[in-house]
Amino acid sequence: MTKIPYKIYLKESEMPKEWYNVRADMKKKPAPILNPGTLKPVTVEEISPIFCEELAKQELDDTTPYIEIPKEIRDFYRMYRPSPLVRAYELEKKLQTPAHIYYKFEGNNTSGSHKLNSAIAQAYYAKQQGLKGVTTETGAGQWGTALSMACAYFGLDCKVYMVKVSYEQKPFRREVMRTYGASVTPSPSMETEVGRKINEEFPGTNGSLGCAISEAVEAAVKNEGYRYVLGSVLSQVLLHQSVIGLETKAALDKYGIKADMIIGCAGGGSNLGGLISPFAGEMLRGENNYEIIAVEPASCPSLTRGSYAYDFCDTGKVCPLAKMYTLGSGFMPSPNHAGGLRYHGMSSVVSELYDQGLLTARSVEQTSVFEAATEFAKVEGILPAPESAHAIRVAVDEALKCKETGEEKNIVFGLTGTGYFDMVAYQKFNDGEMSDYIPSDEDIRKSLSKLPKVD
Ligand SMILES: *Cc1c(COP(=O)(O)O)cnc(C)c1O
């Protein structure tokens, strides 16, 4: 048997030329997104004032399994992809586990996360349509950074509404975006109607992703030649992120490795959805079986404690309604250092797969996540993003279980990014000042009582 190298790289010629749309293989499709006014499924025409046309088509396409990746996007992908699939030999040694651990590392680009995979696609389609620019929100800043890079490459204007608390706490993220030419506004701002309203209702608010989305959508609709783009949750984003799963599968196949378990962190569900898509596709077609685990923070537990219901995607209630596992669009998660996992809902594709039992979910507490992060950093060298460390936590837990049972499981997890801009969080952890806030049942019940009545 060939020894598995530390890093399994695909050749450029082995990179995917098409994205895979897992919805095409789902017998029961994710519930359609609804017009909040009529409560009828939206059409491409209805959402085209908000989204780029080609992206609106991808959003509503439940039937085409493979969609060609345009050459311009593949040219950009080639600058930082294929990303390595790494055999975590050193972590295995440290844990003394018989399990074989692999991680797909998406942090090898300036934005530091997988978000660039979709940012470059969305910027490309906006440029193709002849638009002037795009608007978006960013929480922790990874998406805004990725989009700024993509817009700079295609010569598009980029307006980012950044959650106020991150704007203040992450000045360097903000400066990276501005260096790539984006304009960055703290949200809620006084520039939009919805921002003024939220500021009036909640004076001194630190902002949230839901608020920033409402502002970005309003800015897109009110500015000629602009459209809104989103870095997670939407089905089009999962489609673009399938490049992660396709590369992972190709790399495993190259060495004849069959994954037993696939683990990913879940905020809005895009990296997890992208990583698992080709594997879930095999399960849906009855060809193979995998154990898939979504990992979320205990402070924002949409899959493990939310309801599967139609909800607003944003606090200002301007976006279409999506059926998803949700904590309610008014849910304000407590301060948690994994900013990218603080969204109230979950991708409708991941939600439906979860509801069908194709994956399970686990919630983990912050301090144990940082313990896993530092343990990983010390042996594997990479300083992980706090979001990614949620997946590390569960991968380590599972590898330790294998140590007890003696099973040689192949565990694959998504290492979505690096944590260089998260040093305030690491500082809190190093100083022993990190807390584990978990919302009470009453908190969640209150928030869920405000779900829109749909049927
Ligand atoms: C945004 C982000 C996530 C979470 O987003 P998903 O859409 O759930 O993938 C995870 N890791 C990193 C590094 C991120 O930037």
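We count ligands from 1, going down the list as the structure has it; atoms in each ligand are counted the same way.
- A salt bridge links Lys249 with Asp253: the distance from a Lys NZ or Arg NE/NH1/NH2 to an Asp or Glu carboxylate oxygen falls below 4.0 Å.
- The closest protein non-hydrogen atom to atom 7 (O) of ligand 1 is Ser232 OG, 2.4 Å.
- Protein heavy atom nearest atom 1 (C) of ligand 1, with residue, atom name and distance: Lys115 NZ, 1.4 Å.
- Between Arg87 and Glu92 there is a salt bridge, with a side-chain nitrogen of the basic residue lying less than 4.0 Å from a carboxylate oxygen of the acidic one.
- Looking at Gly231 next to ligand 1, no N or O pair under 3.5 Å apart turns up.
- A donor atom on one side chain and an acceptor atom on the other are not found under 3.5 Å apart for Asn271 and Gln241.
- Taking the centre and axis of the six-membered ring of Tyr290, the NZ or CZ atom of Lys258 falls inside the cone set by 45° and 6.0 Å.
- Near His114, meaning under 4.0 Å from any of its heavy atoms, are these atoms of ligand 1: 2 (C), 3 (C), 9 (O), 10 (C), 11 (N), 12 (C), 14 (C).
- Using a cutoff of 4.0 Å between basic side-chain nitrogens and carboxylate oxygens, Lys29 and Asp62 are not scored as salt-bridged.
- Distance from atom 13 (C) of ligand 1 to its nearest protein heavy atom, with residue and atom name: Thr416 OG1, 3.3 Å.
- Residue Leu341 has at least one heavy-atom neighbour below 4.0 Å for each of these atoms of ligand 1: 4 (C).
- Taking any N or O of Gly268, backbone or side chain, at least one lies under 3.5 Å from an N or O belonging to ligand 1.
- Counting heavy atoms closer than 4.0 Å to ligand 1, residue Ala266 contributes backbone atoms (N, CA, C, O) but none from C-beta onward.
- Under the 4.0 Å criterion applied to side-chain N and carboxylate O atoms, Arg393 and Asp397 are assigned as salt-bridge partners.
- When hydrogens are left out, the protein atom nearest atom 5 (O) of ligand 1 is Gly340 O, 3.9 Å; that is the closest non-hydrogen contact.
- Here's the thing with Ser388: none of its N/O atoms is less than 3.5 angstrom from an N/O atom of ligand 1.
- For Lys7, the NZ atom is loosely surrounded, since the number of other residues' heavy atoms within 6.0 Å does not exceed 12.
- Of the N and O atoms on the side chains of Ser83 and Glu106, at least one donor lies less than 3.5 Å from an acceptor on the other residue.
- For Glu387, no nitrogen or oxygen atom sits less than 3.5 Å from a nitrogen or oxygen atom of ligand 1, counting backbone and side chain alike.
- For Arg178, the CZ atom is loosely surrounded, since the number of other residues' heavy atoms within 6.0 Å does not exceed 12.
- Among Gly414, Ser270, Gly112, Pro384, the residue whose heavy atom lies closest to atom 6 (P) of ligand 1 is Ser270.
- Which parts of ligand 1 touch Ser113 is read off a 4.0 Å heavy-atom cut-off, strictly below it: atoms 13 (C), 15 (O).
- Each of Asn109, Thr110, Asn108 was scored for a side-chain contact (heavy atoms from CB on, under 4.5 Å) with Leu116, with one residue passing: Asn109.
- The shortest N or O to N or O distance between Cys265 and ligand 1 is not below 3.5 Å.
- Of the protein's heavy atoms, Gly267 N, 2.7 Å lies nearest to atom 8 (O) of ligand 1.
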